[in-house]
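Below is one structure, written out as structure tokens, with a few remarks after it.
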Amino acid sequence: MTAPDVLPPVLVMGVSGSGKSTIGQALADALAEQGQPATFVDADDLHPAANKEKMRQGTPLTDEDRWPWLDACAARIAEVQASGHRCVMANSALKRVYRDRLRRTAPDLVIAFLDGSHDLVADRQAHRHHEYMPSSLLDSQFATLERPQPDEAAVAVPIEGSVDDTVATITSALSVTSG
């Protein structure tokens, strides 16, 4: 149950390496500075150990691997919203059906899709270390990606600029979609 005056939760989605965690945390901080209590949740932290190990070995997750994780993500969104804070969740949510699963619990979910080219994301991945997501899975991420559709309360946000630019684009869109 969502507290009555809490703004809709925000899903920061995109392929691995698009900046979900960085942007999600910066967005939650920016919203809090604007007087909107916000809590950042990194969905990677909710993956069971088996999923992390599978990805560490370079094996893409199946839908069957993802369903329990997505349910845990949806439960965490509901928990944060019920606490009176706006949930900002970083979650790849690459397929429409994954986002629909999250919307079962959070029907007012607003989506910030971090949109960047394969080359840009590959370059970013080459300059970072991720606990269990090897860059070898990038092609499978782009192959799986289903861009959000107009009926999904989503905004596509280019990731070529700075973190501050990206967050500003999202907060501007949020003021239109949910405030």
Side-chain angles (χ1 to χ4, degrees), residues 9-30 40-48 50-70 72-74 77 88-103 109-174 176-177:
V10 180
L11 174 68
V12 179
M13 64 149 294
V15 297
S16 177
S18 61
K20 295 180 300 292
S21 298
T22 300
I23 297 300
Q25 182 64 67
L27 176 61
D29 293 345
F40 173 67
V41 176
D42 193 330
D44 282 352
D45 296 338
L46 302 175
H47 268 298
N51 283 9
K52 290 180 181 181
E53 185 56 30
K54 195 171 184 179
M55 289 183 284
R56 186 178 291 112
Q57 293 175 10
T59 304
L61 297 179
T62 65
D63 288 350
E64 291 71 31
D65 295 324
R66 286 187 177 95
W67 299 137
W69 169 67
L70 288 163
C73 291
I77 291 169
V88 175
M89 177 175 279
N91 181 320
S92 55
L94 297 175
K95 289 184 180 180
R96 169 74 185 246
V97 68
Y98 304 159
R99 299 185 297 271
D100 288 346
R101 188 125 178 171
L102 294 173
R103 275 192 287 272
L109 188 69
V110 177
I111 299 169
F113 167 50
L114 301 183
D115 194 7
S117 71
H118 186 286
D119 289 345
L120 174 61
V121 175
D123 183 62
R124 287 182 175 188
Q125 282 190 342
H127 295 94
R128 73 169 194 160
H129 170 74
H130 192 279
E131 174 192 359
Y132 56 80
M133 189 68 175
S135 57
S136 62
L137 291 178
L138 183 59
D139 288 342
S140 74
Q141 292 262 301
F142 272 97
T144 301
L145 176 63
E146 295 173 3
R147 298 175 65 84
Q149 298 302 302
D151 66 329
E152 291 191 79
V155 59
V157 183
I159 61 170
E160 290 80 14
S162 69
V163 170
D164 289 343
D165 292 342
T166 304
V167 169
T169 299
I170 296 169
T171 56
S172 177
L174 289 176
V176 171
T177 61

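Everything numeric in this text was worked out from a predicted model, so none of it was measured.
- Residue Asp45 holds its CG atom at 8.0 Å from CZ of Phe40, rounded to the nearest 0.5 Å.
- Ser21 meets the side chain to side chain donor-acceptor pair (under 3.5 Å) test with Asp42; sequence neighbours excluded.
- Among residues two or more places apart in sequence or in another chain, the side chain to side chain donor-acceptor pair (under 3.5 Å) test is passed with Asp119 by none.
- Without hydrogens or angle criteria, Thr171 side chain to Ala168 main chain gives a donor-acceptor distance under 3.5 Å.
- For the side chain to side chain contact (heavy atoms under 4.5 Å, CB included) test, residues two or more places apart in sequence or in another chain that qualify with Thr144 are Leu94, Lys95.
- With sequence neighbours left out, the side chain to side chain contact (heavy atoms under 4.5 Å, CB included) criterion links Pro48 to Asn51, Trp69.
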Practice prompt. Dump the intermediate steps for side chain to side chain contact (heavy atoms under 4.5 Å, CB included) on Asp139 and His118, then the final yes or no.
Written response: CA-CA 8 Å; Asp139 288 342; His118 186 286; 2.7 Å; yes
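- Thr22 contributes atom OG1, which lies 10.0 Å from atom CG of Leu114 (distance to the nearest 0.5 angstrom).
- Looking at every heavy atom in both residues, Val15 comes nearest to Lys20 through O-NZ, 3.0 Å.
- Across Glu160 and Pro158, no two heavy atoms sit closer than the pair OE1-CB, 3.1 Å.
- Residues Val157 and Val12 form no side-chain contact, since every pair of their non-hydrogen atoms from C-beta on lies 4.5 Å or further apart.
- Remark: Asp115 pairs with Arg147 by the side chain to side chain donor-acceptor pair (under 3.5 Å) rule, at least two apart or across chains.
- Closest approach of Met13 to Pro148, counting heavy atoms only: SD-CG, 3.7 Å.
- With hydrogens and angles ignored, the 3.5 Å screen pairs a side-chain donor or acceptor of Asp65 with a backbone N or O of Thr62.
- Residues Gln141 and Val121 fail the side-chain proximity criterion, which asks for heavy atoms closer than 4.5 Å.
- Here SG of Cys73 is found 4.5 Å from CE of Met89. Values are rounded to the nearest 0.5 Å.
- Checked by atom type and distance alone, the side chain of Glu146 pairs as donor or acceptor with a backbone atom of Arg96 at under 3.5 Å.
- Atom CZ of Arg101 and atom CG of Leu70 lie 6.5 Å apart (nearest 0.5 Å).
- Rounding to the nearest 0.5 Å places CG of Asn91 at 10.0 Å from CZ of Arg99.
- Qualifying ring pair (Phe, Tyr, Trp, His ring centres under 6.0 Å) partners for Tyr98, counting only residues two or more places apart in sequence or in other chains: Trp67.
- Taking Asp164 as the reference, Ser162 meet the side chain to side chain contact (heavy atoms under 4.5 Å, CB included) condition, with sequence neighbours excluded.
- In this structure, Ala72 and Leu46 approach most closely via the heavy-atom pair O-CD1, 4.1 Å.
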Quiz: residues 23-30 side-chain donor-acceptor pairs under 3.5 angstrom, not counting sequence neighbours:
from, atom 1, to, atom 2, distance (Å)
Gln25, NE2, Asp29, OD1, 3.0

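- Of all the heavy atoms in Val155 and Ala173, the pair that sits closest is CG1-CB, 3.8 Å.
- Every residue meeting the side chain to side chain donor-acceptor pair (under 3.5 Å) condition with Arg103, not counting sequence neighbours, appears here in chain and number order: Asp100, Glu152.
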